[in-house]
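Before any comments, here is the structure.
Both counts, for ligands and for their atoms, begin at 1 and track the order of listing. Each residue takes its place number in the sequence, starting with 1.
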Amino acid sequence: MEIWRRAGDAMAVVVMKFGGTSVANVERIRNVANHVKREVDAGNKVAVVVSAMAGATNQLVAWVKEASLLHDAREYDAVVASGEQVTAGLLAIVLQSMGLTARSWQGWQIPILTNKAHGSARIADIPGERLRAHLDAGEVAVITGFQGLEPEANRIATLGRGGSDTSAVAIAVAVGADVCDIYTDVDGVYTTDPRIVPKARRLPKISYEEMLEMASLGSKVLQTRSVELAMVRKMPVRVLSSFVAPDAMAPYRPDQLEDIGTIVCDEEDIVETQVVSGIAYAKDEAKITILKVEDKPGVAARIFVPLAEAGINVDMIVQNVTPDGKSTDMTFTVQASELPRALAALKQVQSDIGYLDIKSSADVAKISVIGIGMRSHAGVAARMFKALSEKGINILAISTSEIKISVLIEDAYAELAVRTLHALYGLDAE
Ligand code: ASP
Ligand code: MG
């Protein structure tokens with residue numbers, strides 16, 4: 001991919017991405033067209049990336065499964081890529097009917113080149129020059145998200161569920177856009193889930209790294225891969241709501257960024273950093289405890305290698321050595337949906353590992369506090385553990401990174417824990 005920005009360009013190049021709920025029917029597509037028109041009228045050059053109508057991709061996937069559970073991944077892609085083709089064409093039609101010059105483009109036409117991993121392909125390259133020439137000529141380019149072209153076999157490939165965010169960032173990089181605006185059904189990224197904490201606040205800015213943690217912890221606002229790509233290519237991403245009236249929003253201006261939505265950007269561009277920026281929670285965790293494993297070199301490998309070979313991701317790990325020092329209990333977490341497979345894999349190697357028993361529970365939740373400020377502030381974890389203990393919440397496991405502390409607790413306490421920590425780190429709105 002190539003970034004090319006022309007010196008002296010007066011107008012901004014804006015990529016606008018609209019998710020499934022924003023294009024759920026023709027009336028909403030008309031609303032999207034009005035958001036696009038606002039940008040064009042202000043003199044911006046616009047490329048639009050669209051998802052399929054809400055529910056459409058699910059329906060397509062269901063049809064494929066009904067046709068055959070053991071289907072060819074290339075034909076899966078041929079079917080599920082069609083949702084975006086519909087919305088791109090419809091939006092181009094509506095834009096034309098409003099007097100704008102617009103043209104739809106599918107992944108293979110750009111082309112958005114991918115690798116061979118059908119169903120969860122990665123974008124390899126997007127030659128952006130031709131697309132940019134269309135924008136420079138005053139044309140709105142409406143591009144199908146989620147899909148691209150695997151050039152060797154000359155076949156359509158899709159990027160994995162939620163992949164149109166990544167399409168949008170990649171297109172933004174390819175045309176040298178000033179910003180990639182992701183329009184969705186929320187008006188930004190919040191300090192935590194507002195359904196749990198009504199005092200949650202919209203974050204005007206958040207760093208790529210914090211957003212990555214939020215995304216991988218279940219905040220569904222942006223696909224993780226799109227944030228990774230934006231971070232590597234330093235593409236600023238804004239999260240905006242398409243449900244704000246198109247004329248109530250100011251068009252993109254490089255100097256007026258912070259009034260609406262959330263800007264996901266480099267941490268150097270964030271002047272006032274909080275120690276903690278957000279609290280995330282994930283309820284789809286499950287805990288496995290392997291009881292009484294011999295405590296000697298090589299046991300961890302014998303437990304975790306078979307899991308890795310089965311493609312199961314292990315997250316938090318705690319080891320408790322028994323008082324006699326001879327054996328240990330090993331507790332760790334996996335995705336709740338992977339629990340049956342994880343247990344099966346471990347039972348198979350029971351005699352090899354030599355453990356007494358396995359216990360498991362899916363009634364657990366992972367609560368995380370996230371903030372780049374943690375790098376330079378001590379005591380964040382200590383305050384967290386103290387606050388949770390004062391509420392009588394027991395911590396089952398802990399894991400940390402440079403900018404995140406996660407604790408595993410019982411499911412029933414998840415909301416209390418989120419509320420407690422949100423207040424503790426001063427995130428509650430006045
Ligand atoms: N339509 C695709 C999906 O539902 C891609 C996307 O919306 O990002 O996963
Ligand atoms: Mg999405």
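Ligand 1 places these atoms under 4.0 Å from at least one heavy atom of Phe146: 2 (C), 5 (C). Residue Gly163 has at least one heavy-atom neighbour below 4.0 Å for each of these atoms of ligand 1: 5 (C), 8 (O). Near Ser51, with a cut-off below 4.0 Å to any heavy atom, the atoms of ligand 1 are 6 (C), 7 (O), 8 (O). The ligand atoms of ligand 1 that sit less than 4.0 angstrom from a heavy atom of Arg161 are 3 (C), 4 (O), 9 (O).
For the residue pair Glu210 and Ser207, a side-chain donor N or O sits within less than 3.5 Å of a side-chain acceptor on the partner. For the residue pair Asn44/Glu39, the side-chain donor-acceptor check at 3.5 Å is satisfied.
Atom CD1 of Ile358 and atom CG of Leu343 lie 6.0 Å apart (nearest 0.5 Å).
For Lys205 and Asp269, the salt-bridge test fails: no basic side-chain N is under 4.0 Å from an acidic carboxylate O. Looking at Arg155 and Glu150, no side-chain N of the basic residue comes within less than 4.0 Å of a carboxylate O on the acidic one, giving no salt bridge.
Listed by first then second residue, pairs satisfying side-chain hydrogen bond (donor to acceptor under 3.5 Å, both in side chains) with a partner in residues 303-317 read Asp315-Lys366, not counting sequence neighbours. Sorted by first then second residue, the salt bridge (charged side-chain N to carboxylate O under 4.0 Å, His left out) pairs that include residues 27-38, not counting sequence neighbours, are Lys37-Asp41.
Ligand 1 has no N or O atom lying under 3.5 Å from any N or O atom of Asp165, backbone or side chain. Between Gly162 and ligand 1, an N or O atom pair is found at a separation short of 3.5 Å. Considering both main-chain and side-chain atoms, Lys17 never comes within under 3.5 Å of ligand 1 through any nitrogen or oxygen pair.
Heavy-atom distances between Gly145 and ligand 1 stay at or above 4.0 Å for every pair. Every heavy atom of Gln223 sits 4.0 Å or more from the atoms of ligand 1.
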